[in-house]
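Notes to accompany the following structure.
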Protein chains: 2
Amino acid sequence: MKLTSKGRYAVMALVDLAKFNNFNPVSLRDISLRQGISLDYLEQIFSKLRKKEIVQSVRGTQGGYVLNKKAKEIKLTNIFDAVDEKVKTVQCKKDSKKGCNGKSTKCLTHNLWDELENHINNFFDEKSLEDLVKDNSERRI
Amino acid sequence: MKLTSKGRYAVMALVDLAKFNNFNPVSLRDISLRQGISLDYLEQIFSKLRKKEIVQSVRGTQGGYVLNKKAKEIKLTNIFDAVDEKVKTVQCKKDSKKGCNGKSTKCLTHNLWDELENHINNFFDEKSLEDLVKDNSERRI
DNA sequence: ATAAACCTGACTAAATTAGTCAAGTATCAT
DNA sequence: ATGATACTTGACTAATTTAGTCAGGTTTAT
Ligand code: FES
Ligand code: FES
């Protein structure tokens with residue numbers, strides 16, 4: 001049960017972006033330097049964020065990325081969804097009547113994992129990018 | 001962010017064990033057949049559960065495993081801890097002053113992941129094996 | 001023109017997971 | 001006693017996933 005670095009980096013980079021987003025685009029290079037994330041990796045991540053319309057790109061010199069929505073409206077759920085960082089606790093297909101292990105009924109623990117998944121997703125649904133930036137405003141980078 | 005099958009199997013097997021635990025030891029072979037988990041894998045798992053005193057073993061014919069505590073007292077936390085299914089959301093060493101990515105301060109998202117970790121662990125601290133068995137008593141296997 | 005910065009797809013090394021396999025030892029039923 | 005059942009241990013491995021790298025673009029401000 002652990003977080004992948006793709007998910008962690010996505011959030012980290014967006015917090016950085018939101019922080020430095022005074023109406024000028026922020027370049028990945030800057031984020032890379034500030035946060036210590038490989039530029040090439042960031043590009044992969046932002047390509048996905050752009051496709052899900054969380055950020056907008058500005059090409060060319062002085063280009064970079066800008067948030068495409070208000071920080072308040074970007075929830076962790078959206079970010080995780082964009083980079084395919086999914087919470088997967090059940091093994092079975094959720095909608096199917098079949099269970100994991102190829103059984104014809106749901107396993108003994110199915111309900112439990114389902115509850116857990118909801119529990120975690122609630123957390124992600126509530127946290128917005130704005131919350132994260134605020135939470136950091138008292139701190140140094 | 002996903003659960004490994006070691007953790008899932010451990011819980012599944014213990015629910016099975018608790019269910020069939022009418023003061024006779026339950027053999028891993030039976031659990032294996034009922035739950036569709038490889039016997040060899042179950043042995044690895046139960047070896048760990050025994051070392052953490054969650055179950056007791058009874059050797060020889062008619063042997064098997066019994067719970068070592070009341071189902072009410074066995075929390076998910078204990079089970080996960082026993083089989084090394086750990087919730088790891090932060091990347092850094094928690095106690096160290098240093099951050100992840102080799103930085104000298106905690107990263108922008110450290111607090112967030114820490115909160116998430118607590119959120120998940122709360123869930124595990126509250127759920128007992130008894131809860132799971134009860135939750136299943138209305139269902140068929 | 002040129003440099004900054006986005007864009008894309010393919011590739012790969014390392015780590016982790018999910019087991020299997022082999023060779024035991026202990027105990028009970030008969 | 002002896003066989004069968006079931007626990008015990010450690011080593012090994014195939015498959016998957018992760019966390020990137022790399023090589024080549026294209027776009028646009030200056
Ligand atoms: S997790 Fe859904 S049936 Fe096992
Ligand atoms: S997760 Fe703790 S410093 Fe980044």
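Chain identifiers are assigned alphabetically (A, B, ...) following the order of the sequence lines, protein sequences preceding nucleic acid strands; residue numbering begins at 1 within each chain.
Each of B:G64 and A:Q62 has a nearest nucleotide on DNA chain D; the 5'-most of these lies closest to B:G64. Mapped onto DNA chain D by nearest heavy atom, B:D30 and B:S47 fall at different nucleotides, with B:D30 at the one closer to the 5' end.
The nearest whole Å value for the distance from the OH atom in A:Y41 to the P atom in C:dC7 is 19 Å. Residue B:L39 contributes atom CG, which lies 13 Å from atom P of C:dC21 at whole-angstrom precision. Between A:E85 atom CD and D:dT17 atom P there is a gap of 14 Å when expressed in whole angstrom units. One can place CG of A:D40 at 13 Å from C1' of C:dA5, the figure rounded to the nearest angstrom. Distance OH (B:Y9) to P (C:dT17): 14 Å, rounded to an integer number of Å. For the pair A:K48 NZ and D:dG20 P, the interatomic distance rounds to 14 Å; values are reported in whole Å. Rounded to an integer number of Å, the gap from B:D84 CG to C:dA15 C1' is 16 Å. Rounded to whole Å, the distance from CD1 on A:I45 to C1' on C:dC6 is 15 Å.
Comment: B:D114 engages B:K94 in a salt bridge, judged by a side-chain N to carboxylate O separation of less than 4.0 angstrom. The pair A:E85-A:R8 fails the salt-bridge criterion, with no side-chain N (NZ, NE, NH1 or NH2) lying under 4.0 Å from an Asp/Glu carboxylate O. A salt bridge between A:D84 and A:K6 is absent, with no side-chain N of the basic residue lying under 4.0 Å from a carboxylate O of the acidic one. Between B:K75 and B:D125 there is no salt bridge, since none of the side-chain N atoms of the basic residue sits less than 4.0 Å from a carboxylate O of the acidic one. Contact check on B:K127 versus A:E115 returns a salt bridge, with a Lys/Arg side-chain nitrogen under 4.0 Å from an Asp/Glu carboxylate oxygen.
The side chain of B:S38 approaches C:dG19 more closely than any other nucleotide in the set C:dG19, C:dA18, C:dC6. The side chain of A:S27 approaches C:dA5 more closely than any other nucleotide in the set C:dA5, D:dC7, D:dG3.
Counting non-hydrogen atoms under 4.0 angstrom, B:Y65 reaches the backbone sugars and phosphates but no base.
For C:dT20, its base sits under 3.5 Å from the side chain of B:Q44 at one donor and acceptor pair at least.
Under the side-chain contact (heavy atoms from CB on, under 4.5 Å) rule, A:F20 has a single partner from A:D30, A:V26, A:I31, which is A:V26.
For the contact set between residues 50-60 of chain B and DNA chain D, defined by any heavy atom under 4.0 Å, the members are B:R50, B:S57, B:V58, B:R59, B:G60.
Put simply, the side chain of A:S57 never gets that close to the backbone of A:Y65: no donor and acceptor are under 3.5 Å apart.
Residue B:S5 places at least one side-chain N or O closer than 4.0 Å to OP1 or OP2 of C:dG19.
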